[in-house]
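These figures come from a predicted structure and were not determined experimentally. In what follows, chains are A, B, ... by sequence order, proteins preceding strands, each numbered from 1.
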2 protein chains.
Amino acid sequence: MSRLAFDAHDHHSCIADTLDAAEARCAKSGLQFTPVRRRALEILATEHRAMGAYDLLDHLRAEGLGSQPPVAYRALDFLVKHGFAHKIERLNAFVACSHPDTDHSPAFLICRHCDAVAEIRARDARGLLTDSASKAGFTVDRAVIEAEGTCPNCQDGTEVQAPA
Amino acid sequence: MSRLAFDAHDHHSCIADTLDAAEARCAKSGLQFTPVRRRALEILATEHRAMGAYDLLDHLRAEGLGSQPPVAYRALDFLVKHGFAHKIERLNAFVACSHPDTDHSPAFLICRHCDAVAEIRARDARGLLTDSASKAGFTVDRAVIEAEGTCPNCQDGTEVQAPA
DNA sequence: CTTGATATGTTATATTATCTCATCTATCAA
DNA sequence: TTGATAGATGAGATAATATAACATATCAAG
C-alpha cells in the first residue's frame, strides 16, 4: 500500500467505514450509489491519496467500468457534491473524505515530498475567514483551505520521494 | 472598467502603485522587470480580476509581445514567484497582488455571481492552520485560502451576472 | 571576447475538463 | 401495463489549462 496518510492506521476498516457511511447516507437520502460511483469511492479510499481524474479513469477502465473521461468526472462530481470525496484544488486531484459521517469544513495538508494528503478539520480557520469576509460584506459558501509543506514522515534527512 | 474589486477606488493610482512597487523591488533585488513581465502585470492590474493564462496571452498577443502559451506562463511564473501576482487555484487564474509592498499571507474572496476576486490578509487564519498542522507534525510552507461566495455588490436581488 | 546565467521564440504535446447526443434505467402516475 | 419523467451511462469530439524540449538572444562578469 503506497502513500498512506501520515499516521499508520487500520486501512481495511478505514475503507470499509468510508463505503459503509456512503452507502448508508445514499440509502437515507435516496441517492443512487451505483457500481461506478461505489467503485470510484472504493478506489479513492484504497489508494488513500489525491488521485487525478485520469488516474481514477485508468482504474475504472481496467475493470470495464467505463472508458471515457466523463465517466470518471461524473462519478467524482457525485462524490464531491455529496461530500464523500473532496477536490484538492492545488493538485487538481481528488481524495476520499476522511470524515464522511459529519458535516465538516475540511482543510488539507499536502506533503511536497511524498504527495500524501491529510484531511483535517478547519472549523476555526474557516470561522476566522468567514468573520473577516463578513466585515467586507461578503458571504462565504465554501472555503478552500490547503496547506503545502512537509509531513512528519518526510521531516527527517531521509526524505521519502514520490514513486516514479 | 468591468468587474472591479468590491469597493470603488482610484483605479489609476492603484495600477500605478502596483507597477511602481514591482519596479522598485525588482531594482532592489536585481530582478529583470522585462517588457513582457511588466506588461503582464499591468494587464492583470488593469483588468483587476482573475484572468486565465490564455486571457492574458490574448492581450499580449494583440500587442505583439508573444504569441505562444509559454510566454504567458513564464511571465506569470515570474510574477507569482516574486509575489507580484497570485494564482487563484480554485479558478486556475491569476490576479495582481493588492499588497505588493509587504510580506503577506493572502486569502481570496471569490464572488460566484460577478467573478470579482478580492484579496484580504489571512494572517490569523493561516496562523490557526499552521498551529493545527504543527500538532500533526506538519510544516506549512504555503497556504491556499480561498472563499467562494457572494460579494456585497451581488447581495441584493438584482444580482450582477458575469458578462457572456 | 567568451562564458555562464537568464530570458525569449517556437513547435509540439501533455494534462485536465467539458459538450453533445444517444441510450438506458428506475420510478411513479394514470 | 403503459407512458412520462428524471437520473444515469456510453461514446465521440473538443475545449481549456499547462508543460516539455530545443533553438536563439541578451547581458553581465571574468
Restricting to side chain to side chain contact (heavy atoms under 4.5 Å, CB included), what partner residues turn up for B/Ala107, sequence neighbours left out?
A/Leu129, B/Ile120, B/Ala122, B/Ile145

Which residues satisfy the side chain to side chain contact (heavy atoms under 4.5 Å, CB included) test with B/Arg121, sequence neighbours excluded?
B/His99, B/Thr102, B/His104

Without placing hydrogens or testing angles, list every side-chain donor-acceptor pair under 3.5 Å for residues 88-96 of chain A, not counting sequence neighbours.
| residue | atom | partner | partner atom | Å |
| --- | --- | --- | --- | --- |
| A/Glu89 | OE2 | B/Arg90 | NE | 3.1 |
| A/Arg90 | NE | B/Glu89 | OE2 | 3.1 |
| A/Arg90 | NH1 | A/Glu148 | OE1 | 2.5 |
| A/Arg90 | NH1 | A/Glu148 | OE2 | 2.9 |

With a 4.0 angstrom cut-off to heavy atoms of chain B, pull out the first and last contacting nucleotide of DNA chain C, in 5'-to-3' order.
C/dT6 to C/dT11

When you check the phosphate oxygens OP1 and OP2 of D/dT9, does a side-chain N or O of A/Thr34 lie under 4.0 Å from one of them?
yes

Any chain of hydrophobic side-chain contacts (each under 4.5 Å) joining B/Ile43 to B/Val80?
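B/Ile43 clusters together with B/Val80.
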
Test side chain to side chain donor-acceptor pair (under 3.5 Å) applied to [X] - qualifying residues, sequence neighbours left out:
X        : value
A/Asp77  : none
B/Glu63  : B/Arg39
B/Ser105 : none
A/Glu23  : A/Arg38

What is the per-nucleotide protein-contact pattern of nucleotides 16-30 of chain D, from the 5' end, where B denotes a base atom under 4.0 Å from a protein heavy atom, S denotes such proximity for sugar-phosphate atoms only, and - denotes neither?
-BBBBB---------

